[in-house]
Amino acid sequence: MSLPEASAATCHGGGGGRAAVAGAPLVAFVGSPNVGKSTLFNALTGASRDMGNWPGTSVEVGRGAWEVTAAAGPVELDVLDLPGAYSLDPVSPDEALTRDLLHDDGAGRRPDVVVAAVDAARLSRSLYLVTQVQERGLRLVVALTMNDVARAHGIDVDVEALAAALGAAVVAVDARRRNGFDALAAAVLAALAGPAPAPVPNEGEDDLARGDVRFSRIATVVAASARDTETGRTSWSDRLDRVALAPVLGPLVFLAVMWAVFQLTTTVAAPLQSLLDAFFAGPVTSAATSLLGALGLADTWVRGLVVDGLIAGVGMLLTFVPLMAIMFLLLALLEDSGYLARAAVVTDRVMRAIGLPGRAFLPLVVGFGCNVPAIAATRVLPNARHRILTALLVPFTSCSARLTVYVLVASVFFPERAGTVVFAMYLASLAFVVVVGLALRSTLWRSMGSEPLILDLPPYQRPTPRLVAGVTWLRLRGFLRTASGIIVATVIAVWFLQAVPAAGTGSFGDVPVQDSAYARVAATVAPVFQPAGFGDWQATSALMVGFVAKEAVISSWSQTYATAEPASPDDAGDLGAAIRADFTASSGGHPDAAAWAFLLFLLAYTPCVATLAAQRREIGLRWTAFGVAVQLVVAWIVAVSVFQVVSRLG
Amino acid sequence: MQTLRDLAPGATGAVTAVTVPDPYRRRLAELGVRPGACVTLLRRTAGRGVVVGVAGARLALDRATAAAVRVTPAAGAAAPAAAAAGA
């Protein structure tokens, strides 16, 4: 057997994971969702593995090197963990990728060996994919998983009989306890040493007939190899479901879980983030300043670049680490334990009414805390189209950073009813999510709303700490790798604009904001907001800063008026007076209407750059750019309409 | 014509027809819900969907899909329509 060139199409930008050496045999792991395929992949590839979107798609594929010992010495296998699929007739883009990659990995190469994970407790269902793989004439080894679950349910599978009936090697493995790995490696090497088998024929004339042929084949195989003693039918999974899926208790359990997720990503993450923030603003900045002082650069623009550009940028990136780590951990726990599927069932009817898939509830809930982990949470949707739609809607959920600006503006313009105004913003946020969701769906993905709920409920299981920690670290590293460049570059770009003098006063790095290139850019953009009533450069510059981080809006706004930053958002002092004066002027005497328009624009216009970085990682550059365009257009139209209508109502 | 929604919780039936449009009909078949298969109604869920046991697995189906799967109940399995709510 010749070993073809290793695929040129690696799906991972950085070099964190180690793909196998060129020329290594390509092994594809396939299987239905929830059969332990990824657990097996993680255990076999260990630290060398990496996960990322396959080029040109929003579908995640894992890749890693599996070291096995052959008679002639160690061999490295190049392993692809393909998306879980029930069959090679796809229903989702994720399954379509599995089907495509079994045919051609993008460099014209089929997998040399397919390892199919088969669930011993749900044998006939898991074998459907296997029959399809055999019809394609691919070398096949079956990894039989969940043997302990099968035994607990009274199902007894005879491995040799199964192998004989299937006509393929079958190895029982336990990925959690790491049993059977050597036998699996031996089977894979043996398969590689032989020729590709002849495709198993299937003469059905249409899909239905072909399916029937497979089912009868499966029935024969199962009859020959599995015995069901019908004991232990009601497992503790079923007992837990009596609560988790009950008509009243189920939603209550769900709300409790969502509340916990929200609390963990806000109240628990926040102190850790503040600590990191203080660390970068304090010791790191002082150390850098002293170092620069020693180099004689303490008073030059270099200090500004290092402190306000580099350190600020890296600091911002790293303050997301506790938050993202918590989010990835929660996602892994919810997914691994099996609860997430139950949550999707509970929310199905409500989400269906607003045209979104059930699991989209999780990212949207998290988004009201912070959009960045919410984008990461779209991972829980197994269908790429759903992920893209949800990731585009997450920015319309009003994160807690926007809240500080709402409170400031509301207390300046609507002092007696600031609380009501803020509440109205949250209602507006929900309205945006629903309406934009409906609009996107009806234009881009017309069939999405009518998809039925057909959801496989995996048995509950205790999450494995090792697997959960491993996946959490991989995802965190992936986020940092993608986000670092974007965040640091943006912060430095803003610093640069603010450092360039544009009004004749000051020198590079030492110029008041209102005389810098930044202010010039803001002034150039400001007329866009004239129809919305807040066309002054200070408000525009605040919004531009909000593109970087919503938390920086108030402090930056204060800078543009050269006033002190207010001690708390609801006591705006000088800043409030200045804003009020400017809005009154730019709106032609309708400052309240302009305030509403400004608030709504701030809500919808674009998420912070960290969210955009997360979006780029999850759904790719083009969809992220599309999202920004949609948001800017929607925000502007809403802001202008509201100003025009409210200002006329007097 | 009885459907999955008419089965009493805990009752078993044999599927006679699945009238969901493709590709979902195919997907249900791949998951074990196809003519001739034995399904058990395990419980009703929030939102008037169902959870069925088939081929050793648990499937959650929404109301419309459950109403599109026709079954022949095993003896004495059907619940009277009036008592179907909130079981």
Side-chain angles (χ1 to χ4, degrees), chain A residues 32 34 86-87 89-92 95 119-126 128-129 132 150 153 155 207-208 211-212 214-215 218 222 226 228 233-235 237-238 241-242 244-251 254 341-342 344-350 352 358 450-459, chain B residues 3-5 9-12 14-70 74 83-87:
Chain A
S32 326
N34 307 315
Y86 290 106
S87 97
D89 294 317
V91 162
S92 70
E95 293 185 334
D119 184 339
R122 296 182 283 184
L123 197 57
S124 51
R125 217 259 299 277
S126 313
Y128 192 83
L129 187 64
Q132 290 180 309
H153 287 188
I155 298 170
D207 275 345
L208 221 47
D212 287 336
R214 291 174 196 131
F215 289 129
I218 290 172
V222 170
D228 191 348
R233 261 305 154 194
T234 309
S235 58
S237 271
D238 287 326
D241 277 340
R242 268 192 216 134
L245 291 175
V248 173
L249 270 181
F254 170 75
R342 276 76 184 172
V345 175
V346 167
T347 59
D348 179 64
R349 188 144 155 254
V350 170
R352 184 185 298 267
S450 55
E451 284 167 8
L453 177 74
I454 302 171
L455 185 57
D456 178 45
L457 293 175
Chain B
T3 71
L4 267 180
R5 296 201 67 226
T12 305
V15 177
T16 55
V18 179
T19 57
V20 179
D22 271 330
Y24 303 109
R25 186 169 52 115
R26 188 170 39 72
R27 176 47 42 100
L28 280 171
E30 288 158 1
L31 291 175
V33 180
R34 59 185 187 275
C38 244
V39 300
T40 311
L41 186 90
L42 293 174
R43 75 188 77 257
R44 298 187 201 281
T45 62
R48 296 190 287 161
V50 298
V51 175
V52 296
V54 60
R58 306 282 181 262
L59 281 188
L61 304 176
D62 64 87
R63 188 176 54 90
T65 308
V69 177
R70 301 210 191 111

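Within every chain, numbering begins at 1; the chains are lettered A, B, ... in the order of the sequence lines, protein sequences first and strands thereafter.
- For a residue to count as touching a neighbouring chain, one of its non-hydrogen atoms must lie under 4.5 Å from one of that chain's; by this rule Ser87(A) touches chain B with backbone and side chain alike.
- In this structure, chain A has a heavy atom under 4.5 Å from the side chain of Thr65(B), while its backbone stays farther away.
- The nearest pair of heavy atoms linking Val345(A) to Ala60(B) is CG2-CB, 3.4 Å.
- When heavy atoms are compared at a cutoff of 4.5 Å, Ala55(B) approaches chain A by way of both its backbone and its side chain.
- Using a cutoff of 4.0 Å between basic side-chain nitrogens and carboxylate oxygens, Asp62(B) and Arg352(A) are scored as salt-bridged.
- Using non-hydrogen atoms only and a strict 4.5 Å limit, the part of residues 29-39 of chain B facing chain A consists of Ala29(B), Glu30(B), Leu31(B), Arg34(B).
- For the atom pair Leu455(A) CG and Leu59(B) CG, the distance stands at 8.0 Å (nearest 0.5 Å).
- Residues Asp456(A) and Arg58(B) come closest through the heavy atom pair OD1-O, 3.3 Å.
- In this structure, chain B has heavy atoms under 4.5 Å from both the backbone and the side chain of Asp241(A).
- Considering only heavy atoms from C-beta on, Leu453(A) stays 4.5 Å or farther from Leu61(B) through its side chain.
- A salt bridge between Arg27(B) and Glu95(A) is present, with a side-chain N of the basic residue lying under 4.0 Å from a carboxylate O of the acidic one.
- The two residues Arg122(A) and Ala57(B) make their nearest non-hydrogen contact at CD-CB, 3.3 Å.
- Note on Asp119(A), Asp348(A), Leu208(A), Val346(A): by heavy-atom pairs under 4.5 Å with chain B, the leading option is Leu208(A).
- Scored by the ring-ring contact (aromatic ring centres under 6.0 Å, His included) test, Phe254(A) finds Phe361(A) as partners (sequence neighbours excluded).
- Heavy-atom distances place the backbone of Pro90(A), and not its side chain, under 4.5 Å from chain B.
- Both the backbone and the side chain of Asp89(A) come within contact range of chain B, judged by heavy atoms closer than 4.5 Å.
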Set out, in order, the CA-CA distance, both residues' side-chain angles and the distance that settles side-chain contact (heavy atoms from CB on, under 4.5 Å) for Arg43(B) and Asp238(A), then state yes or no. CA-CA 10 Å; Arg43(B) 75 188 77 257; Asp238(A) 287 326; 4.2 Å; yes
